[in-house]
> 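Please see the structure below; I have some questions.
Values below: every heavy atom of this structure, side chains too, minus hydrogens, waters and symmetry copies. For reference, positions follow the sequence shown, starting with 1. Since the model is a prediction, treat every value here as computed from it, not as a measurement.
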Amino acid sequence: MMNYFEYCELKETINFHMDAYYNNDAPVISDYEYDLLMQQLKDCERENPDWITPDSPSQKIGGVAKRTAGVKVTHDVPMLSIEDVFSKDDVSSWIDKVHALHPGCKFSVETKIDGLSMSLRYAGREDGKLHLVLAETRGDGLEGEDVTANAFVIPDVKQVIDLPYESLELRGEVYMSHEDFDRYNLLQEQKGKKTAANPRNLAAGTLRQLDPSITKERGLRMFVFNVQSGPAEVMTSHVQAMNILSDAGVPVVFHKICENTDEILTTIDEIGNMRGTIPFDIDGAVVKLDAIEYRNDFPAGSKYSSGHIAYKYPPEERPVVMDEILVDVGRTGKLTFTGGFHDKETGLPARLCGTSVSRATLHNQDYITDMKVGIGGTYLVYKSGEIIPRLKSCLSEPHEIFKAPSECPVCGAKLVREEDTADICCVNTACPAQLSRTISYFTSLDCMNIMGLGETLVDDLVKKGFLSGYADIYSLREKRDELVDLGIIGKEKNTDKILDNIEKSKSNDPVRLLTGLGIRNVGKRTAKALMKHFSSIDELASADSSELVGIDDIGEITADYIKEFFSLPQNKEMLARLNAFGVNMKNPDGLSVSEKLTGLTFVITGTLPTLGRNEATELIESNGGKCTGSVSKKTSYVVAGEASGSKRTKAEELGIPVIDEQKLFDMLK
């Protein structure tokens, strides 16, 4: 548990990194490292709520006040769904039903944007104009979430509408363009992070971001498709209302007035043909009554809004012939498979939803085997979510089903299939395809903890040829002047600061080094178990399999991974270089190690007299115990210091022994 002085220092550190990321666009640590720092802050503030001040990083994001998560708003007009139909016969039947009651009724046929609904409330002001006062998500249809701060940064959301009404409520669809979606996924791939599945899901997550600057940067857009409430001028004819809004500069959906079934079905086809030419996704066409007063005559149940139906387009499909299967290695070492093909009938790329398609992701070897994918095979391809090409089925089998290579196509190292998964990975930590990620992990908080040398900077150093492995980190001091001249790390002060942090990391305990080496199945906990048994990394490297398996939590598979890692010539050379640079590989003499706390689980809370939280954790774990962050029935003891918070209270409620620091020392005698 940190004291108040340490808490203030942590706030300053996080504020520094927030400024570097949000205001200067020059982050010096990875998102992962930042998240760990923020989690430490939040844990401390939960323990000490009286320490929280408005300027705490937990109360703001990116230098601006954060949107408060989960603030609910009851809709003035329920935001219900639109009933879907999947055949034109169903559309015709519905039109006939409407015309039977209102023979002269007209309809508006509109694009159904594949996004998420948001309503906008406007209030008239003294200037005679409408001003945006509230934006809310659909939620459960009756109650949504206040996202006004994010709506303000969406360019299509008019903050002021030049109409002389007392009030107005609009409903629209928030979406993300193909261009912005592709840009986001490209950045995610470059960072080695998870990409978004489709624009709609990304738009939904973006609209609910706590930081409006993130919402703005990702590029959301919006079309209005309905007037929820307002004066008679916009509550009589739907199409007239859309035209009034459009004339006032409000982006509205494509809409066309139709009088009969033939016109409606023709317009549905016209909208369907748009799918490949517009820069965003649509998943259907909406048919709605133009006369708003008639809508309640056609209720569709409590779930759906009355007076509307949505025709959903069937997915387009084409038969294609597989020409090639490309194998690549991602930043995490996982193999990716992509099929290249041509349209069986035209010999050209397949046309789906108006776009030319010649590639599809093949996921993994199990998928390839199940789908019988191979060169010369014929497959039915469709677009999932109107944008992602996928194989639907095998129409004719190839002569041979494709099999993944046994060696990495980038570095030639042996490939390994992860246990209980379909993933095949390159485990060579020096593989060029994954070098930035592995070095970033080596420098991270749980490993060598080199502050400032985060993922973004590591990636720059790799690309510019300064880093090709772990050991190169410790040769950067020799290139200090060149780094300053190029400005890769920054000016002299920042460069020297990071070089000093690199130098300090040489004295880390060998557990951090072993964790950072990235040996499969050897994380922080396993590294601790190993270094309790061996006095140095060198001794571990010389151990045989039987000795490794004899250690708790080390099975045969993990033992094999350890032996293989230390047997590879490139790893031997890397360790020799680290040793030559003075990186510590030995446990300190007289390290107190025992099994006196084996089987016991501890929770640390409050400020201890002499030990920091990390020191207390290391003391417990080095003597066989386990530390967790929350109190439960499985907790053996709670070690409490000054200003103990809710964890001590919960322990007392559960009857779990609460001890002080001295009692912990007594248990180790």
> Quick one: which of Val77, Ile82, Asn296 gives a side-chain contact (heavy atoms from CB on, under 4.5 Å) with Ser305?
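Going through the options one by one, the only one that passes is Ile82.
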> Output yes when a side-chain donor or acceptor of Arg295 lies under 3.5 Å from a complementary backbone atom of His308, and no otherwise.
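Side chain of Arg295 to backbone of His308, a donor-acceptor pair under 3.5 Å: no, none is there.
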> Taking atom NZ of Lys392 as the centre, does the number of heavy atoms from other residues, nucleotides or ligands within less than 6.0 Å exceed 12?
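Not more than 12 within 6.0 Å, no.
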> Report yes or no: do Ser56 and Glu45 form a side-chain donor-acceptor pair below 3.5 Å?
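A pair is found: one side chain offers a donor N or O, the other an acceptor, under 3.5 Å apart.
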> Show your working on side chain to side chain contact (heavy atoms under 4.5 Å, CB included) between Arg218 and Gln209 and close with a plain yes or no.
CA-CA 11 Å; Arg218 291 185 185 176; Gln209 285 288 320; 3.7 Å; yes
> At what distance, to the nearest 0.5 angstrom, does CD of Glu47 lie from SG of Cys44?
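The SG atom of Cys44 is 8.0 Å from CD of Glu47, to the nearest 0.5 Å.
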> Give a yes-or-no answer on whether the side chains of Asp328 and Thr336 include a donor-acceptor pair shorter than 3.5 Å.
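Checked: Asp328/Thr336 side chains show no N/O donor-acceptor pair below 3.5 Å.
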> Check for a donor-acceptor pair, side chain of Tyr122 on one end and backbone N or O of Lys158 on the other, with a separation under 3.5 Å.
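Between the backbone of Lys158 and the side chain of Tyr122 there is a qualifying donor-acceptor contact (under 3.5 Å).
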> Please find the pair of heavy atoms, one from Val224 and one from Met242, that lie closest to each other, and give the distance.
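Heavy atoms of Val224 and Met242 come nearest at O-SD, 4.0 Å.
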> Do Leu170 and Val227 have side chains that approach each other closer than 4.5 Å (heavy atoms only, starting at C-beta)?
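They are in side-chain contact.
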> So, Asp290 side chain and Val239 main chain: donor-acceptor pair closer than 3.5 Å or not?
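Looks like yes, one N/O pair under 3.5 Å.
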> Determine whether a donor-acceptor pair (N or O, by modelled atom type, separation under 3.5 Å) exists between the side chain of Lys312 and the backbone of Asp84.
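Not a single qualifying donor-acceptor pair exists.
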> Ignoring hydrogens and geometry, is there a side-chain-to-backbone donor-acceptor pair from Glu173 to Gly115 under 3.5 Å?
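Side chain of Glu173 to backbone of Gly115: a pair is present.
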> Heavy atoms only: give me the nearest Gly124-Leu130 pair and the separation to one decimal.
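For Gly124 versus Leu130, the nearest heavy atoms are N-CD2, 3.8 Å.
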> Passes side chain to side chain contact (heavy atoms under 4.5 Å, CB included), Ile282 versus Ile113? Steps please.
CA-CA 4 Å; Ile282 61 175; Ile113 312 298; 4.0 Å; yes
> Regarding Thr137 and Glu145, do their side chains bring together a donor and an acceptor under 3.5 Å, going by distance alone?
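The criterion, which ignores hydrogens and geometry beyond distance, is not satisfied for Glu145 and Thr137.
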> Treating Thr215 as the side-chain partner and Thr206 as the backbone partner, does any N or O pair qualify as donor plus acceptor under 3.5 Å?
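Judged by distance alone, yes, a pair lies under 3.5 Å.
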> Any chance you could lay out the side chain to side chain contact (heavy atoms under 4.5 Å, CB included) test for Lys106 and Glu263, step after step, and finish with the verdict?
CA-CA 11 Å; Lys106 297 180 181 180; Glu263 289 182 3; over 6 Å; no
> Output the distance between atom NZ (Lys97) and atom OG (Ser92), rounded to the nearest 0.5 Å.
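The OG atom of Ser92 is 14.5 Å from NZ of Lys97, to the nearest 0.5 Å.
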> Answer whether the closest heavy-atom distance between the side chains of Phe341 and Tyr379 falls below 4.5 Å.
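Contact flag for Phe341/Tyr379 side chains = no.
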> Do Tyr311 and Val109 come close enough that some side-chain heavy atom pair is under 4.5 Å?
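No; the side chains remain at least 4.5 Å from each other.
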> Side-chain donor-acceptor pair under 3.5 Å between Glu110 and Ser108, yes or no?
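The answer is yes; a qualifying pair exists.
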> Spell out, as yes or no, whether a donor-acceptor pair under 3.5 Å connects the side chain of Gln240 to the backbone of Glu233.
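A pair under 3.5 Å: yes.
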> Can you name the closest pair of heavy atoms from Gly629 and Lys647 and give their distance?
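Here Gly629 and Lys647 meet closest at O-NZ, 2.8 Å.
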> State the NE2-CZ distance between His178 and Phe280, to the nearest 0.5 angstrom.
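One gets 8.5 Å once the value is rounded to the nearest 0.5 Å.
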> Do Val160 and Asp162 have side chains that get closer than 4.5 Å, going by heavy atoms?
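No, side chains not in contact.
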> Over all heavy atoms of both residues, which pair between Pro299 and Ser306 is shortest? Give the atoms and the distance, please.
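Where Pro299 meets Ser306 most closely, the heavy atoms are CA-CB, 3.8 Å.
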> Which residue, Thr266, Thr111, Val286, Ile278, forms the side-chain contact (heavy atoms from CB on, under 4.5 Å) with Ile271?
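The passing option is Thr111.
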> Are Asp269 and Lys88 close enough for a salt bridge, meaning some N to O gap below 4.0 Å?
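Between Lys88 and Asp269 there is a salt bridge, with a charged N closer than 4.0 Å to a carboxylate O.
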> Indicate, with yes or no, if the rings of His99 and Phe107 have centres closer together than 6.0 Å.
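Yes, the ring of His99 comes within the 6.0 Å limit of the ring of Phe107, centre to centre.
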> Any ion pair linking Glu217 and Arg183 (charged N to carboxylate O, less than 4.0 Å)?
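The answer is yes: the pair qualifies as a salt bridge.
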> Which residue is it: Lys129, Arg125, His131? I am looking for the one with a side chain to side chain donor-acceptor pair (under 3.5 Å) to Asp127.
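Exactly one option meets the side chain to side chain donor-acceptor pair (under 3.5 Å) with Asp127, and it is His131.
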> Just verifying a value: how many Å separate Ile52 CD1 and Leu41 CG, rounded to the nearest 0.5 Å?
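These two atoms lie 8.5 Å from each other.
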> Going through the checks in order, is the side chain to side chain contact (heavy atoms under 4.5 Å, CB included) test met by Arg200 and Leu116?
CA-CA 7 Å; Arg200 188 204 177 281; Leu116 64 150; 4.1 Å; yes
> For residues Glu83 and Trp94, determine if any side-chain heavy atom of one lies less than 4.5 Å from a side-chain heavy atom of the other.
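A side-chain contact under 4.5 Å is absent here.
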> To the nearest 0.5 Å, how far apart are CE in Met118 and CD in Glu136?
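Spacing of CE (Met118) from CD (Glu136) equals 10.0 Å.
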> Measure the spacing between NZ of Lys112 and CD1 of Ile268 and express it to the nearest 0.5 Å.
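Between atom NZ of Lys112 and atom CD1 of Ile268 there are 13.0 Å.
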> Start with the C-alpha gap between Ser213 and Asp211, add the side-chain angles, then the distance that decides, and say whether side chain to side chain donor-acceptor pair (under 3.5 Å) holds.
CA-CA 5 Å; Ser213 69; Asp211 182 3; 2.8 Å; yes
> Salt-bridge test for Asp43 and Arg46: reply yes if a basic N is under 4.0 Å from a carboxylate O, no otherwise.
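Answer for the salt bridge query: yes.
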> Checking side chain to side chain donor-acceptor pair (under 3.5 Å) for the pair Arg138/Ser81: CA distance, chi angles, key distance, verdict?
CA-CA 9 Å; Arg138 178 177 175 272; Ser81 299; 2.8 Å; yes
> Are any non-hydrogen side-chain atoms of Arg121 and Val73 less than 4.5 angstrom apart?
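Heavy-atom side-chain distance check passes, below 4.5 Å.
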> For residues Cys258 and Ile264, report the shortest heavy-atom separation together with the two atoms involved.
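The answer is CB-CG1, 3.6 Å.
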> Kindly say whether Leu348 contributes a backbone atom to a donor-acceptor pair with the side chain of Asp343 at under 3.5 angstrom?
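Checking the backbone N and O of Leu348 against the side chain of Asp343, no donor-acceptor pair under 3.5 Å is found.
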> Under 6.0 Å from the CD atom of Glu179, do we count more than 12 heavy atoms belonging to anything else shown?
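Check fails, neighbour count at 12 or below.
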> Write down the atom of Phe337, the atom of His363, and the distance for their closest heavy-atom approach.
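Smallest interatomic distance, heavy atoms only, reads CD1-O, 3.7 Å.
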> State, with a plain yes or no, whether a side-chain heavy atom of Ile154 is found less than 4.5 Å away from one of Leu207.
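Counting from C-beta outward, Ile154 and Leu207 do come under 4.5 Å.
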> Are a donor atom and an acceptor atom from the side chains of Thr148 and Asp146 found within less than 3.5 Å of each other?
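Yes, because at least one side-chain N or O of Thr148 sits under 3.5 Å from a partner of the opposite role on Asp146.
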> Can you find a pair of side-chain heavy atoms, one from Phe298 and one from His102, that are under 4.5 Å apart?
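Result yes, sub-4.5 Å side-chain heavy-atom pair found.
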